[in-house]
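One structure is given here, and the rest of the page talks about it.
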Amino acid sequence: MNNFKEFWNQFRGAIIGVIIAILILITGLDKLILAIVVIAIGAFVGNYVQRNKEDVKVKLKNFIDKM
């Protein structure tokens, strides 16, 4: 029993993470989480471009010129 307690104390975070990952995969929430991440990245990029229009134009022009 003492070995189990040591095992649990050492790997508690990993065990809980695996259980949560299995639940996410079983319920199909991985698609929802991926969609939320893509939306958040899109919002971040859109906000960055809006606030730094001139800088983005110059960087995009330089990138196209290199190609």
Side-chain angles (χ1 to χ4, degrees):
M1 191 64 163
N2 198 15
N3 290 335
F4 179 73
K5 287 182 181 179
E6 290 176 15
F7 178 79
W8 175 254
N9 287 334
Q10 186 175 4
F11 296 108
R12 176 179 39 217
I15 293 169
I16 293 172
V18 167
I19 292 171
I20 291 172
I22 290 171
L23 288 174
I24 287 173
L25 290 174
I26 289 173
T27 59
L29 288 176
D30 56 329
K31 295 175 187 172
L32 175 65
I33 292 171
L34 180 63
I36 291 171
V37 168
V38 169
I39 290 170
I41 290 172
F44 177 75
V45 170
N47 187 33
Y48 177 80
V49 170
Q50 182 180 4
R51 294 187 186 272
N52 302 304
K53 287 180 185 176
E54 295 302 320
D55 191 35
V56 171
K57 285 181 185 178
V58 171
K59 287 181 181 180
L60 189 58
K61 183 181 179 293
N62 290 338
F63 177 74
I64 292 172
D65 289 341
K66 286 181 182 178
M67 295 179 93

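One finds the CD1 atom of Ile39 at 10.0 Å from the CG atom of Leu34 (value rounded to the nearest 0.5 Å). Expressed to the nearest 0.5 Å, how far CG of Asn9 lies from NZ of Lys5 amounts to 9.0 Å.
Grouping the Ile, Leu, Val, Met, Phe, Trp and Tyr side chains by contacts below 4.5 angstrom, directly or via other members, places Tyr48 apart from Val58. In this structure, Phe11 is a member of the same hydrophobic cluster as Ile19, with clusters built from ILVMFWY side-chain heavy atoms closer than 4.5 Å. Side-chain heavy atoms closer than 4.5 Å link hydrophobic residues (I, L, V, M, F, W, Y) into clusters, and following such links, even through other members, never connects Val18 to Trp8. By the rule that hydrophobic residues join a cluster once side-chain heavy atoms approach within less than 4.5 Å of another member, Val38 and Ile41 end up as members of separate clusters. Residues Leu29 and Ile16 share a single hydrophobic cluster, defined by chaining ILVMFWY side chains whose heavy atoms lie under 4.5 Å apart.
Within the structure, side-chain hydrogen bond (donor to acceptor under 3.5 Å, both in side chains) pairs that include any residue of residues 22-47 comprise Asn47-Arg51 (at least two apart or interchain).
Other cluster members for Ile64: Leu60, joined by side-chain heavy-atom distances under 4.5 Å among Ile, Leu, Val, Met, Phe, Trp and Tyr. Under a 4.5 Å side-chain heavy-atom criterion applied to ILVMFWY residues, the cluster that includes Met67 comprises Phe63 as well.
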